[in-house]
Every structure is written in structure tokens, then in C-alpha cells.
Amino acid sequence: MARRQTRTNDPRELPAYTISEAARYLAVPAATIRYWSVGRDDYAPLIEVPEHLPTLLSFLNLTELHVLAAIRREHEVKMPSIRRAIQFLAANAGQAMDRRHPLISRELETDGLDLFIEQYGQLINISRAGQTAMREIISAALRRIDRDPAGVPIKLYPFTRSAMDETPTMVVIDPRLSAGRPVIAGTGLATQLIAERYKAGESISDLAHDYERGHEEIEEAIRCELQAAA
């Protein structure tokens, strides 16, 4: 695949994350992230990434993968079916941005979500109850995305626990902070630095005291960095 030149100054669309970093932040195997982002054999990717050779993902890609990962937790994602459902959503999108990134379009939060689930449900023969469950899962993922007035994502609060409804919004990924790496929400404290100190032997209590943060914030920072390896 030819390398694509990124022609934007919007930090949300610039190449910023490796596949391994996206896998760590979203707690999804790197091979799956690569499959969704690059494709495999005759299967095209599910998202449009800004850079190839090497593959680098944008913040908007990260939010798209966040939604895909939420679906994957409940239903095994079938590439041909999910691709056709995404294409259907893109074809019904009203804005150019939404056509490029249909999984994180503002329309998906409203009528588009029902259209997407109906289309996807028909493709994989999912039951009506299953469609209701999927709607709740996707809605939960979308609620963890903050948007600007135009509806474009500006912040992502990744899931740091296997039980999505129990994950607090204490860790945020903001392309304007810490080069887009996860930080404790409301601060510039990078989760990677906290996790490295924890792995080096410092206790959660010591880290909480040192950074003047709550114990749960420190624990969530560590989960964000170490959950994929857990």
C-alpha cells in the first residue's frame, strides 16, 4: 500500500500512535489492531490511517478502534460483515468527516446507531435481544468520547477495566496533552511514567503521596498501561 501524505494541521488527524501503543491503550491484541487498521491478505482495513510504512494511527483512529473494541467484547467481529455495516453508515453520513470516520460520527449517537445495529444485526443474524445489548455497548463507548462544537472527538476516556460499566473516567487521551499519550484526567501526569515507577518497585501509596493524587487515580493510571499485559 502506498504511503499517504497527511495534509492537515489538526492534531487529531496526525499520525501519532504505533499499533502496539493503540493495543496497549485499548487492551486489544496488537494483531487485531493491525488487522483492523491495515487489513490482511484480500481483506481491506476497517479504518483509514494517515501513515503507512510504518503504520501510524491518528487520535481519531484511536477513537474508532475504541468503538470497535467495545463491539468485540460482546460479539466476535466478522470483518466482511462489520465492513459492510460501516460502509452502509458512511454512505448515509451527511458530513465529509463522518464519511471518513463513520464509527465516531455524531450521527452514530442518534439515528445512525439504530441504522448501524440493524444493518450489522442482519449481516450476522444477531437476535433482537443481541441488538439491544450491542446498542448499550456502543452507547457506553460513545459516551466516553468528548466532542467539540462541530461534533468531532477531542478527548477519549479509554476503558481500563474488563467490566465497562465499572470503569471510571480518570484516565484521558487528549491529542493536545502529553503528545496524545494517556494522562490522569485534569492533569498532565502521564500514565506511562506512573506505571514505570510502579514497575520499578514504588508503591501506589508512595506514588499517590508524591503526585498528590488519590489512590484510585494512580491505580487507574497503572491499569491503563499494564492491562494488556495482565
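Keep in mind that the numbers below use all heavy atoms, side chains included, and drop hydrogens, waters and symmetry copies. Along the sequence shown, the residues carry numbers beginning at 1.
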Is [Y] close to [X] at the side-chain level, that is, under 4.5 Å between some pair of heavy atoms?
{"X": "I173", "Y": "F59", "answer": "yes"}
{"X": "L68", "Y": "I82", "answer": "yes"}
{"X": "E220", "Y": "P168", "answer": "yes"}
{"X": "I218", "Y": "I194", "answer": "yes"}
{"X": "R197", "Y": "D206", "answer": "no"}
{"X": "L142", "Y": "L108", "answer": "yes"}
{"X": "W36", "Y": "E64", "answer": "no"}
{"X": "N61", "Y": "Y17", "answer": "no"}

Please check if [X] and [Y] belong to a single hydrophobic cluster, counting links between Ile, Leu, Val, Met, Phe, Trp and Tyr side chain heavy atoms closer than 4.5 Å.
{"X": "L89", "Y": "L60", "answer": "yes"}
{"X": "V183", "Y": "Y198", "answer": "no"}
{"X": "M170", "Y": "L62", "answer": "no"}
{"X": "V38", "Y": "L26", "answer": "yes"}
{"X": "L226", "Y": "V171", "answer": "no"}

Inset, instruction - Could you walk me through whether T191 and C224 pass side chain to side chain contact (heavy atoms under 4.5 Å, CB included), step by step? - result: CA-CA 7 Å; T191 58; C224 177; 4.2 Å; yes
Charged N to carboxylate O below 4.0 Å: is that the case for [X] and [Y]?
{"X": "K199", "Y": "E196", "answer": "no"}
{"X": "R161", "Y": "E216", "answer": "yes"}
{"X": "E13", "Y": "R100", "answer": "yes"}
{"X": "D148", "Y": "R12", "answer": "yes"}

So, taking the atom named [atom1] in [X] and the one named [atom2] in [Y], what distance separates them when rounded to the nearest 0.5 Å?
{"X": "Q192", "Y": "R24", "atom1": "CD", "atom2": "CZ", "value": "5.5 Å"}
{"X": "Y25", "Y": "T160", "atom1": "OH", "atom2": "OG1", "value": "14.5 Å"}
{"X": "L103", "Y": "I138", "atom1": "CG", "atom2": "CD1", "value": "8.0 Å"}
{"X": "R176", "Y": "I154", "atom1": "CZ", "atom2": "CD1", "value": "5.0 Å"}
{"X": "L14", "Y": "E51", "atom1": "CG", "atom2": "CD", "value": "9.5 Å"}

Legend entry - More than 12 heavy atoms of other groups within 6.0 Å of R34 CZ: no
Legend entry - Heavy atoms of other groups near Q95 CD, more than 12 under 6.0 Å: no
Heavy-atom pair with the smallest gap, counting every atom of [X] and [Y]:
{"X": "P153", "Y": "I104", "answer": "CG-CD1, 3.9 Å"}
{"X": "T187", "Y": "L177", "answer": "O-CD1, 4.2 Å"}
{"X": "D98", "Y": "A93", "answer": "CB-CB, 3.7 Å"}
{"X": "L57", "Y": "A22", "answer": "CD1-CB, 3.7 Å"}
{"X": "I19", "Y": "A30", "answer": "CG2-O, 3.5 Å"}
{"X": "E217", "Y": "G214", "answer": "OE1-N, 2.9 Å"}

Inset, instruction - Evaluate side chain to side chain contact (heavy atoms under 4.5 Å, CB included) for I145 paired with K155, printing each intermediate quantity in order. - result: CA-CA 6 Å; I145 299 172; K155 295 180 183 179; over 6 Å; no
Legend entry - Intermediate values then yes/no, side chain to side chain donor-acceptor pair (under 3.5 Å), T18 and S20: CA-CA 5 Å; T18 64; S20 61; 3.1 Å; yes
Inset, instruction - Please say whether the positively charged group of R40, taken as NZ for Lys or CZ for Arg, lies over the ring of Y35, i.e. under 6.0 angstrom from the six-membered ring centre and within 45 degrees of the axis. - result: yes
Inset, instruction - Any chance you could lay out the side chain to side chain contact (heavy atoms under 4.5 Å, CB included) test for R144 and T167, step after step, and finish with the verdict? - result: CA-CA 10 Å; R144 302 182 73 86; T167 299; 3.3 Å; yes
Inset, instruction - Could you tell me whether a side-chain N or O of S105 sits under 3.5 Å from a main-chain N or O of P102, the two making a donor and an acceptor? - result: yes
Inset, instruction - Output yes when a side-chain donor or acceptor of S37 lies under 3.5 Å from a complementary backbone atom of I33, and no otherwise. - result: yes
Inset, instruction - Describe, in one word, how the ring planes of F159 and H66 are oriented to each other, choosing from parallel (under 30°), tilted (30 to 60°) and perpendicular (over 60°). - result: parallel
Inset, instruction - Step by step, work out the side chain to side chain contact (heavy atoms under 4.5 Å, CB included) result for R83 and I86. - result: CA-CA 5 Å; R83 183 183 297 107; I86 292 172; 5.7 Å; no
